[in-house]
Amino acid sequence: MSILTQDAARLLDAADPLRSLRDRFLLPDGLIYLDGNSLGALPAATPALVDNVMRQQWGDDLISSWNKHDWIGAPQRIGAKIASLIGSMAHEVIVADSVSINLVKLVAGALSLRPGRRVILSEPGNFPTDLYMVQGLAELGLCELRLAPADQLVNALDQDVALLLLTHVHYKSACLHDMPALTKAAHDVGALALWDLSHSTGAVPVNLNESGADLAVGCGYKYLNGGPGAPAFLFVAERHQAAIRQPLSGWMGHSDPFAFEDDYRPASGMQRMLAGTPPILALAALEAGVDLIAEAGVPELFSKAKALSQLLCDGLLAVGTRHGLKLESPADPSQRGSHIAFSHPEAHALTQALIARGVVGDFRAPDILRLGIAPAILSYQDVARAITIMADVLDTGAWDQPDYRRRHAVT
Ligand SMILES: *Cc1c(COP(=O)(O)O)cnc(C)c1O
């Protein structure tokens, strides 16, 4: 395995069609940010756009902005833009709430579409909130959670299963599930499939409609660069929209919110997936991020991410294997999402030592160093420098300091 040199990296950067995207983000000079999969970077356009919504729209136009600036249409408008990134139709996606809340709506929604079935099938080690939200619904007596490892999911599908609930790109290992095959397996037993696209949207090509997916949710603050706690989105295939019901039946999902009726009547289409008032300032930031990613193009981003991640992976293994660094993601870049996971017995201290040297990745318990490849902000020279810095930290044992062992509330 040859390690990427700075000279080779310079040539690759010069030939990179996405190289100018980096300047469309505000990032500290010299920082190598390998955490765009956890909190996406700040697009340069975002502060002015949010400032405008705040000062002109909120400040001057006040409540008239709901109509005048189409605040009320923002969840659908931004949903339509996200739809183009995930292979769905514009009217199948809406932006609202967090992924966690949207999971409640769609898991309960799936149960409403499959009366008589109670089982939600997922895999152990799925993103915790996906499992926790189902456990909350199970405590209400609405369903039961069944877990089966990835290679036994198909066997665990039976006539009791209402919904197969999976995350497309695993948050830790970056393993990619075969969305069309697993969706078909669910359909073969009469179940529905719900895909969590949090680590896919804006990073990995997804085609919900071609895959036959029924339902999906995804995150706004990762590869969509929507800002901390950005609103999430949900997708319901057109064929289910008339029949699906969701229990968070707030007024914004009513068919005529401003009639102020006592009785809930669900709106048609995706509007019934709304609960309360949309967060307009947060939506303005999300829209700027989505516009930038849509402009760059997901297939282009993913092919750069694969090239970067392969070079990073080869380089880190070349310098790290003798120090106990081990690849925990699939070795084939087309079998993984846009991040890579390595295990190391001192992964936490190692992550902190890298952060102290300007290489920002994250630690995932118990022993994973997770490096996100957000290709919009990363250059080949960043990857070459990250390899050099990792080699230095491992060769000198610089990670071995009490400070680097101290755990913070957020890893
Ligand atoms: C980040 C992430 C979430 C986030 O959920 P929120 O409720 O929006 O915080 C959910 N699922 C997966 C798989 C994630 O990676």
Side-chain angles (χ1 to χ4, degrees), residues 16-22 24-25 33-41 43 45-46 77-90 92-95 99 166-171 174-180 183 195-213 216-227 230-235 237 285-310 312 329-330 332-340 371-380:
D16 172 14
L18 297 179
R19 67 182 174 281
S20 63
L21 266 182
R22 169 69 181 73
R24 311 275 297 277
F25 290 87
Y33 190 62
L34 300 176
D35 225 349
N37 58 316
S38 208
L39 174 62
T46 301
R77 182 178 71 244
I78 303 169
K81 293 178 180 186
I82 294 173
S84 72
L85 306 177
I86 54 177
S88 63
M89 292 183 281
E92 292 176 314
V93 179
I94 199 162
V95 173
V99 174
L166 292 173
T167 299
H168 180 226
V169 173
H170 194 274
Y171 77 101
C175 268
L176 254 176
H177 272 308
D178 185 340
M179 187 186 289
T183 300
W195 291 96
D196 186 333
L197 303 178
S198 292
H199 277 280
S200 315
T201 314
V204 176
V206 172
N207 199 320
L208 288 173
N209 285 155
E210 270 182 18
S211 303
V217 293
C219 185
Y221 54 79
K222 292 172 178 153
Y223 294 102
L224 293 181
N225 307 98
F233 66 87
L234 28 75
F235 155 91
L286 175 62
E287 189 162 20
V290 171
D291 282 342
L292 193 45
I293 292 303
E295 183 192 322
V298 174
E300 290 78 5
L301 288 164
F302 189 52
S303 64
K304 179 175 173 187
K306 281 193 289 189
L308 290 173
S309 83
Q310 201 51 45
L312 183 64
S329 295
D332 174 358
S334 60
Q335 294 299 307
R336 61 182 189 235
S338 207
H339 65 273
I340 338 175
L371 302 176
I373 308 294
I377 58 165
L378 289 173
S379 66
Y380 290 88

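Predicted model only: the values in this text are computed from it and were never measured.
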Any residue meeting side chain to side chain donor-acceptor pair (under 3.5 Å) with Asn37, in chain and number order, not counting sequence neighbours: none

Please check: side-chain N/O of [X] versus main-chain N/O of [Y], any donor-acceptor pairing under 3.5 Å?
{"X": "Lys81", "Y": "Val290", "value": "no"}
{"X": "Ser88", "Y": "Asn209", "value": "no"}
{"X": "Lys304", "Y": "Leu378", "value": "yes"}
{"X": "His199", "Y": "Ala174", "value": "no"}
{"X": "Ser303", "Y": "Glu300", "value": "yes"}

Are the side chains of [X] and [Y] in touch, meaning some heavy atoms are under 4.5 Å apart?
{"X": "Ile94", "Y": "Leu234", "result": "yes"}
{"X": "Tyr223", "Y": "Leu301", "result": "no"}
{"X": "Thr46", "Y": "Leu292", "result": "no"}

Worked verdict on Leu166 versus Trp195 for side chain to side chain contact (heavy atoms under 4.5 Å, CB included): CA-CA 5 Å; Leu166 292 173; Trp195 291 96; 3.6 Å; yes

Nearest 0.5 Å, please: how far is CG in Asn225 from CG in Asp291?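 Here the rounded value is 11.5 Å.
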
Trace of the side chain to side chain contact (heavy atoms under 4.5 Å, CB included) decision for Leu197 with Leu208: CA-CA 10 Å; Leu197 303 178; Leu208 288 173; 4.0 Å; yes

